[in-house]
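Before any comments, here is the structure.
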Amino acid sequence: MTNETKQAIESMTDTDSRAELAQLSEELRGHNAAYYQDDAPVISDAAYDALFSRLQAIEAAFPELRTEDSPTQNVGAAPSQGFAKVQHSIPMLSLGNAFDDDDVSEFLTRIHRFLSIDETDPVEIVGEPKIDGLSVSLRYENGHFVRGSTRGDGAEGEDITANLCTIKDIPDKLKSDAPDVVEVRGEVYLPKTAFRQLNEAQEAAGAKIFANPRNAAAGSLRQLDTAITAQRPLRMFAYAWGDLSADVTDSQWGFLETIAAWGFQTNPIARLCHNLEEVLRLYNDISDQRATLDYDIDGVVYKVNRIDLQRRLGFVSRAPRWAVAHKFPAEQATTTLNGIDIQVGRTGSLTPVARLEPVTVGGVVVSNATLHNEDEITRKDVRVGDTVVIQRAGDVIPQVVHAIAEKRPKDAASYVFPTTCPVCGSEAVRDIDEAIRRCTGGLICSAQSVERLKHFVSRNAFDIEGLGAKNITAFHANGLVEGPADIFRLHEKRDILLDREGWGEQSVDNLLDAINERRTIELDRFVYALGIRQIGQATARLLARTYGNIETLHNAMAQAQDREGEAYQDLLNIDGIGASVAEDLLAFIHEDHNRQVLENLKEQLNIEDFVLPASDSAFAGKTIVFTGTLEKMTRFEAKARAESLGAKVSGSVSSKTDLVVAGPGAGSKAKKATELGIEMIDEDTWIEQSAS
Ligand code: IVH
């Protein structure tokens with residue numbers, strides 16, 4: 001359409017505007033793809049701008065026609081393509097949380113205990129504000145910025161180098177000498193003042209309003225059009241490292257000084273502390289300044305200053321033992337409880353969910369909150385119709401704190417927790433000592449099968465692109481997928497998929513390809529995906545590491561059904577698996593239906609043997625038993641070190657043991673090791689040989 005033939009917007013009917021809007025959107029999407037994906041624009045920038053302005057003008061006159069996927073709302077975004085993936089050479093981890101002074105005190109005590117340091121000897125701690133932004137990793141080679149990426153899932157992020165280049169706090173070239181390879185990590189954020197200005201401009205342009213500075217920073221960083229990122233005054237504080245080809249310092253404080261010299265911004269209110277009192281004083285000081293800072297913070301991060309101690313402390317799961325995030329208290333609001341719904345989880349647990357009159361808490365609209373379980377409702381005496389106080393802290397699910405008794409309607413009745421499953425009607429029972437009531441319906445309960453499927457495809461399990469919670473729920477409802485193995489038979493139902501609304505050749509084929517790609521899966525992911533009670537990622541990994549492959553694991557579990565036998569003892573001997581976890585695992589395997597699911601999956605999949613992380617240590621792959629008193633390191637530290645070197649740690653000596661580390665007072669285990677002719681060393685030798 002040329003300028004001359006354009007209809008005046010004021011004279012447009014609803015039908016006219018709809019038609020032109022659809023046509024413009026399609027045209028602009030085509031141009032976006034040509035520009036961003038193919039790097040081959042077919043019209044001039046000015047012509048593009050004219051089309052874009054026309055669409056904006058129509059949307060401004062007919063705001064009800066504006067859709068979320070309109071090109072005006074997604075400038076430059078090419079969602080199907082996105083950014084290239086980057087593998088982090090050193091994973092980007094998360095932090096454990098501390099919510100009050102006691103938690104912080106425990107954090108310090110744990111460190112002293114782990115390191116065998118006297119309670120009264122100081123361990124220096126660096127306290128830094130916890131910036132509420134997006135973490136990024138910046139790689140420098142020979143002093144030059146070569147690649148920047150998002151955190152992603154910690155193992156793999158997205159390459160956003162071009163966008164990061166627009167940020168003034170990120171130097172192109174390091175300003176003083178540095179090792180050949182340097183990865184600096186930190187938080188990108190949008191200052192509060194810039195956030196307010198951005199939203200005003202967005203509003204004036206009829207574009208998307210951001211909920212908070214963090215979302216705005218995320219939206220700005222993940223622009224495929226670097227020119228847009230460049231218009232947003234993003235900033236960055238640097239605070240950590242990833243890959244370093246040589247050591248640069250021996251402390252966190254020293255590191256902050258070093259990166260400041262390289263040209264990064266480090267946070268000016270970070271402080272070096274020497275004891276609990278100083279740490280808590282810093283927390284209060286930062287808390288007092290919070291409102292006056294031009295960036296959002298959600299707590300204070302404490303880090304052990306000495307890097308050698310950090311190394312000894314190591315990691316638990318995905319968080320360092322040497323650092324913790326002391327969070328600011330949750331934000332609260334008051335609203336009405338409109339109802340209580342019961343959700344049925346993967347393992348049949350019934351969870352009460354509060355349906356609330358929507359209310360804004362800390363910048364986010366909340367309409368649901370958890371009530372945890374039956375006893376919590378009774379304890380808090382929360383009733384439908386009550387005015388309740390709710391709170392949310394960080395990313396956690398909002399909670400109902402308490403009801404305001406004075407505001408209770410006269411007719412509000414005590415809540416009676418159901419004793420049958422609201423989905424399948426089966427009896428719902430509570431074990432002694434358990435707070436949770438569970439549906440006994442097992443897989444006849446559609447809620448449980450859907451939840452199991454959702455878990456099966458979730459991010460840390462099969463993680464099939466295009467098959468998230470929404471699609472799997474729809475496929476289950478239509479009988480396309482009943483159990484996990486059906487996912488891998490979906491190609492047989494291609495025609496049915498094609499008939500589904502919103503699906504075309506391309507999207508169906510993409511889905512089937514994504515499913516095919518996941519036919520090969522790591523053993524630990526597979527075990528985790530099964531969704532067995534109490535078997536989280538860490539335990540799944542332990543099992544994978546111990547048994548090595550699916551057949552061995554499967555057979556061992558079958559044999560371990562005999563609680564008197566050796567296989568059962570072997571299972572209990574895995575450090576980290578207690579009787580309760582073992583029972584849940586064995587109960588799962590014992591169930592016919594589950595065994596069938598396993599068989600079906602094994603037919604469809606190639607489950608990879610567990611490969612120990614590459615370790616050139618002599619201990620890799622060995623099974624070690626520690627016995628007697630260790631004097632220089634705690635048992636816990638010894639175990640952590642052994643595992644980090646690729647060894648398995650067992651609690652008892654058997655023919656499968658490769659090495660026994662015996663301290664003074666070692667008794668029957670040392671004796672047995674001698675009888676079996678197993679190599680035995682003392683603590684000093686262990687320390688010397690295992691030192692990295
Ligand atoms: S240190 C291995 N320091 O908090 C520890 N993190 O909850 C690496 N964050 O993913 C993190 N300010 O995005 C550290 N001063 C700070 C931080 C900080 C914000 C974020 C970071 C991390 C998350 C963990």
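Predicted, not measured: the structure shown is a model, and the values here were computed from it. Excluded from the calculations below are hydrogen atoms, water molecules and symmetry mates; all remaining heavy atoms, backbone and side chain alike, are included. Both ligands and their constituent atoms are indexed starting at 1 by order of listing.
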Atom 2 (C) of ligand 1 sits nearest the protein heavy atom Pro320 CG, 3.6 Å
If the cut-off is 4.0 Å to any non-hydrogen atom of Leu95, which atoms of ligand 1 fall inside it? 5 (C), 6 (N), 7 (O), 24 (C)
Please list, in number order, the atoms of ligand 1 under 4.0 Å from a heavy atom of Glu128. 3 (N), 15 (N), 16 (C)
Where does the angle between the aromatic ring planes of Tyr283 and Phe328 fall among parallel (under 30°), tilted (30 to 60°) and perpendicular (over 60°)? tilted
Salt-bridge test for Glu643 and Lys639: reply yes if a basic N is under 4.0 Å from a carboxylate O, no otherwise. yes
Could you check atom 13 (O) of ligand 1 against the protein and tell me its nearest heavy-atom contact, residue, atom and distance included? Glu187 OE1, 2.8 Å
Record the part of Lys303 in heavy-atom contact with ligand 1 below 4.0 Å; permitted values are side chain, backbone, both and neither. side chain
Give a yes/no on ligand 1: does Arg185 have at least one heavy atom closer than 4.0 angstrom to it? no
Taking only non-hydrogen atoms of Leu93 and a 4.0 Å limit, the atoms of ligand 1 in range are 10 (O)
Under 3.5 Å, which donor-acceptor pairs link side chains of residues 101-110 to any protein atom two or more places apart or in another chain?
{"residue": "Asp103", "atom": "OD2", "partner": "Phe99", "partner atom": "N", "Å": "2.8"}
{"residue": "Thr109", "atom": "OG1", "partner": "Ser105", "partner atom": "O", "Å": "2.8"}

Got the closest protein heavy atom to atom 12 (N) of ligand 1, with its distance? Ile131 N, 3.0 Å
How about Trp322 and Phe114: are their ring centroids closer than 6.0 Å? no
Would you mind listing which atoms of ligand 1 come within a distance below 4.0 Å of any non-hydrogen atom of Ser135? 10 (O), 13 (O)
Test of ring centre spacing under 6.0 Å for Phe210 and Phe195: no
Inter- and intrachain pairs under ring-ring contact (aromatic ring centres under 6.0 Å, His included), touching residues 122-143, at least two apart: Tyr140-Phe145, Tyr140-Phe264
Is it the case that Arg147 and Thr161 place a side-chain donor and acceptor less than 3.5 Å from each other? no
Residue, atom and distance of the protein heavy atom nearest atom 7 (O) of ligand 1 read Lys130 CE, 3.4 Å
For ligand 1, is there an atom lying under 4.0 Å from some heavy atom of Pro129? yes
Protein contact of atom 9 (N) of ligand 1 - nearest heavy atom, named by residue and atom, plus distance: Tyr239 OH, 3.4 Å
Under 3.5 Å: donor-acceptor pair, side chain of Lys192, backbone of Leu293: yes
